[in-house]
There are 2 protein chains.
Amino acid sequence: MSTIKDIAKEAGVSIATVSIVLNGKGKERKISKETQSRIYTIAQQLNYVPNQSAKKLRAAQKDSYAVAFYWATDFRINYLARITLGIQQEIMNLKKNIRLTVIPYKVDHLEEQMKSTQNDFFNGIIIANMSNTDMEFLNTTYVPPCPVVLFNRESPKFSSVTMDNYKVGQNVARHFLAKGLFDAGVLTHDTTFPIMRQWMQGFLDTYKEEGHPIGEDRIYLCETSSASAFEICKRLAAEGTMPKAMFCESDVLAHGMLFACYETGIAIPQDVEVFTIGINMPEINDYTVPSLSRIDIPMGEIGQECLRMTVDLIEKKVPSPTVLFLEGKTIIGQSSPLG
Amino acid sequence: MSTIKDIAKEAGVSIATVSIVLNGKGKERKISKETQSRIYTIAQQLNYVPNQSAKKLRAAQKDSYAVAFYWATDFRINYLARITLGIQQEIMNLKKNIRLTVIPYKVDHLEEQMKSTQNDFFNGIIIANMSNTDMEFLNTTYVPPCPVVLFNRESPKFSSVTMDNYKVGQNVARHFLAKGLFDAGVLTHDTTFPIMRQWMQGFLDTYKEEGHPIGEDRIYLCETSSASAFEICKRLAAEGTMPKAMFCESDVLAHGMLFACYETGIAIPQDVEVFTIGINMPEINDYTVPSLSRIDIPMGEIGQECLRMTVDLIEKKVPSPTVLFLEGKTIIGQSSPLG
DNA sequence: CTGTTAGCGCCTTCAC
DNA sequence: GTGAAGGCGCTAACAG
């Protein structure tokens, strides 16, 4: 990488002259036309790219933080947009100069990504969507260079903004149980996302406590796609083993299920009721056929709180680790009306 | 903002000592426990936050670019996730140290956002989702401090990655016309997004050229929500004025339309065929009821090319402005099968 | 154990 | 019209 020094040497002028010209102040400072064009040409030849760190240092930014936002690149990219939006809104609110750098990582490979990223140049880090493997890495080997806040995860070591995920599962179970739907199933992802297992635990425990334990065979593991849920539900329809109530652990799966029921002539909610966790935009689930009953994860809000907490940690206004719990929003649609 | 100098003065040690301690190398360099804890305490008291620009400058990053990505915060946040993903993938491919900063802006208010953001600290800027107002600002008053690439827009002044949007509309029209669906309508957003008007123009012109002009009354303006499309389509159903074919200019609207047809007993595709532009994740439209025929905008790909072009412009490997055209992907679902 | 010094790349002030 | 010098905040090499 060449610098203005290189250009100055090549052009036979001083560094100051180069700086003036490249910042478009040549005319104002009455630098000769020739000198200017010579400098521009050489800058181009040497492939000059200004060093923004140096510029910034010189400009002495006040209250300027660099925050990294790690996000998984799988099927959940949709909802990450809303997290980012929440984070950005909070940045506006705070009226500070905060640069949010988005860093993608592959689920189960957070470690590699973190090693290749130079985290020492951030003031704070927010991490979303970690798998158990990723949590394991964070909780054991990782040494943070700055405050770290986890999105919807819990850890003994790091701050986080999360939900009472066990209670989410409990609430879904109670909704079904209140309607006498004892033959229930769970449609879930086959990967190990901690929160999904917490939801399921709350759901299963509640059914068991109420005297209607759900068998292992009623837990259906899908790939993380509508297509996979579609296949499984088509099979259930063909076998005639569809339960009376299905708890879908994400709307991605619920979409596949709705489509399977549509194709096989199973009526929702008459034949089977569907309750899901909303991770997509609320609107999408309001206009599915039929519309989905669900508990929406407050993505934007969690993002917002993550950013606020990160700043508070940077400024040492809260102790580390701090944990904040938020509530999910229950929305009753057509797929499972109130009892 | 305090610096290590302030801490050094306060603690009565040199700035080097402070630097060593705060970087966790106290033990290794055998700084006394007391000195260390004194430094930590004072750092906390003075609310010290390291200046990352200075750190970075010192570390002399090579091939390190800062790229800003402006995105609109409206209903399109969903698809912006995929753009970001494409951009990030390209960053990985390039094997350069590129920091992507996401900067949200309100549609029609790009100007204000750009003024409040210090763009002079970026090496390149990518802008998505501009309205006519935003384009106007860019094309007239805006003076870019670095290369600018537009996402799916055209401009005489700036580089861009875009689609042949007129042709997209033509293709939809031809699909309907080949099936003899002459009574067609357009369901579109009431805002002025340039590409939507281009789609519509291609669509309307083709119908007219083929001798089946579409009347003004067949153009339905919605708010940018499924809810709004739902209301309009419910009205059409009630009046019995639903056309035989509907071109939805975004799947957000198509979702509202599908739901309205479901509720009012209008059969798709028997009573009305639906063709849409896919902006959401492809999967969502594969599992609507019925699944949607559509042309998907290659969001990720456009993002990817935007980043590549930005880097090429920074490194002056391509002239400015450069324009690149990409193709949309046609997917035939149940809502409008092949003729 | 701690301090001094030099310099990362850039811009601004002042001097000629 | 142009150049020399100083300094933004930080770290590493070297010196005690």
Side-chain angles (χ1 to χ4, degrees), chain A residues 1-39 42-43 46-66 97 118 120-123 145-146, chain B residues 1-39 42-43 46-66 97 118 120-123 145-146:
Chain A
M1 302 277 272
S2 53
T3 69
I4 53 171
K5 204 192 236 169
D6 301 325
I7 299 174
K9 202 189 293 170
E10 189 70 21
V13 295
S14 81
I15 299 176
T17 309
V18 176
S19 174
I20 290 165
V21 171
L22 292 182
N23 283 315
K25 295 182 183 165
K27 199 175 277 176
E28 168 185 329
R29 296 289 299 269
K30 296 187 181 158
I31 308 285
S32 71
K33 273 256 181 270
E34 314 154 39
T35 309
Q36 289 202 48
S37 69
R38 189 150 38 96
I39 287 173
I42 292 171
L46 295 183
N47 208 349
Y48 170 73
V49 180
N51 180 320
Q52 304 299 346
S53 301
K55 272 195 160 173
K56 242 175 161 165
L57 175 58
R58 184 62 241 257
Q61 300 263 299
K62 294 290 169 201
D63 258 359
S64 165
Y65 304 146
N97 192 334
Q118 293 169 322
D120 12 333
F121 296 126
F122 291 110
N123 297 297
C146 61
Chain B
M1 302 275 272
S2 55
T3 70
I4 53 171
K5 207 192 231 170
D6 301 325
I7 300 174
K9 202 189 293 170
E10 190 69 21
V13 295
S14 79
I15 52 173
T17 308
V18 176
S19 174
I20 290 165
V21 170
L22 292 183
N23 283 316
K25 295 182 183 165
K27 200 174 278 176
E28 162 186 337
R29 296 289 300 271
K30 297 185 183 161
I31 308 285
S32 72
K33 276 256 180 267
E34 313 155 39
T35 309
Q36 290 202 47
S37 70
R38 190 150 36 97
I39 288 172
I42 292 172
L46 296 183
N47 207 349
Y48 170 74
V49 180
N51 179 323
Q52 303 299 345
S53 301
K55 274 194 159 179
K56 245 176 160 164
L57 175 59
R58 187 60 241 261
Q61 301 262 298
K62 293 291 169 203
D63 260 359
S64 166
Y65 304 146
N97 193 334
Q118 292 169 323
D120 12 337
F121 296 127
F122 292 110
N123 297 297
C146 61

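All chains are named by letter (A, B, ...) in the order of the sequence lines, taking the proteins before the strands, and each is independently numbered beginning at 1.
Of the candidates D/dG9, C/dC10, D/dT2, C/dC10 carries the atom nearest the A/Ala54 side chain, counting heavy atoms from C-beta on. Considering only side-chain atoms of A/Leu57, the nucleotide from D/dC8, C/dT2, D/dT2 that sits closest is D/dC8. Side-chain atoms of A/Arg58 lie closest to C/dC10 of the nucleotides C/dC10, D/dC10, C/dT2. Taking every side-chain heavy atom of A/Arg29 into account, C/dC14 is the closest of D/dG1, C/dC14, D/dC10. Ranking D/dG9, C/dT12, C/dT2 by closeness to the A/Ser19 side chain, first place goes to C/dT12. Distance from the side chain of A/Ile31 is smallest for D/dT2 among the nucleotides C/dT12, D/dC10, D/dT2. Here the side chain of A/Lys30 is nearest to one of D/dG1, D/dC10, C/dT2, namely D/dG1. Taking every side-chain heavy atom of A/Ser14 into account, D/dT2 is the closest of D/dT2, C/dC8, D/dG9.
Residue-level contact check: B/Lys25 touches the backbone only, with heavy atoms under 4.0 Å from sugar-phosphate atoms and none from bases. Residue-level contact check: B/Thr3 touches the backbone only, with heavy atoms under 4.0 Å from sugar-phosphate atoms and none from bases. Backbone-only engagement by B/Gly12 is indicated by non-hydrogen atom pairs under 4.0 Å involving sugar-phosphate atoms exclusively. Across all strands shown, B/Phe121 has no heavy atoms under 4.0 Å from either base or sugar-phosphate atoms.
Separating the NZ atom in B/Lys56 from the CG atom in A/Asp120 is a distance of 10.5 Å, to the nearest 0.5 Å. Atoms OG and CD1, on B/Ser19 and B/Ile4 in that order, are 5.0 Å from each other to the nearest 0.5 Å.
Atom NZ of A/Lys5 and atom C1' of D/dA5 are 13 Å apart (whole Å). Per the geometry, NZ belonging to B/Lys33 stands 17 Å off C1' belonging to C/dT2, to the nearest Å. One atom, CD1 of B/Ile4, and another, P of C/dT4, lie 14 Å apart when rounded to the nearest Å. Rounded to whole Å, the distance from CD1 on A/Ile39 to P on C/dC11 is 13 Å. In this structure, the CD atom of A/Glu34 is 14 Å from the C1' atom of D/dT2, given to the nearest Å. Distance CD1 (A/Ile20) to P (D/dT2): 9 Å, rounded to an integer number of Å. Atom NZ in A/Lys56 sits about 14 Å away from atom P in D/dC10, given to the nearest Å. A straight line from CD1 of B/Ile15 to C1' of D/dC8 spans 12 Å, rounded to a whole angstrom.
With contacts defined as side-chain heavy-atom distances shorter than 4.5 Å, the pair A/Ile7/A/Leu46 qualifies. The shortest side-chain heavy-atom distance between A/Thr3 and A/Asp6 falls under the 4.5 Å cut-off.
The closest donor-acceptor contact from the side chain of B/Asn23 to the backbone of B/Lys25 lies at 3.5 Å or more, if one exists at all. Within the 3.5 Å criterion, the main-chain N or O of A/Ile31 finds a donor-acceptor partner in the side chain of A/Gln36.
OP1 and OP2 of D/dC8 both lie 4.0 Å or more from every side-chain N or O belonging to B/Asn51. For the pair A/Thr17 and D/dG3, the criterion of a side-chain N or O lying under 4.0 Å from OP1 or OP2 is met. Phosphate proximity of C/dG9 to A/Ser53: absent, as no side-chain N or O sits under 4.0 Å from OP1 or OP2.
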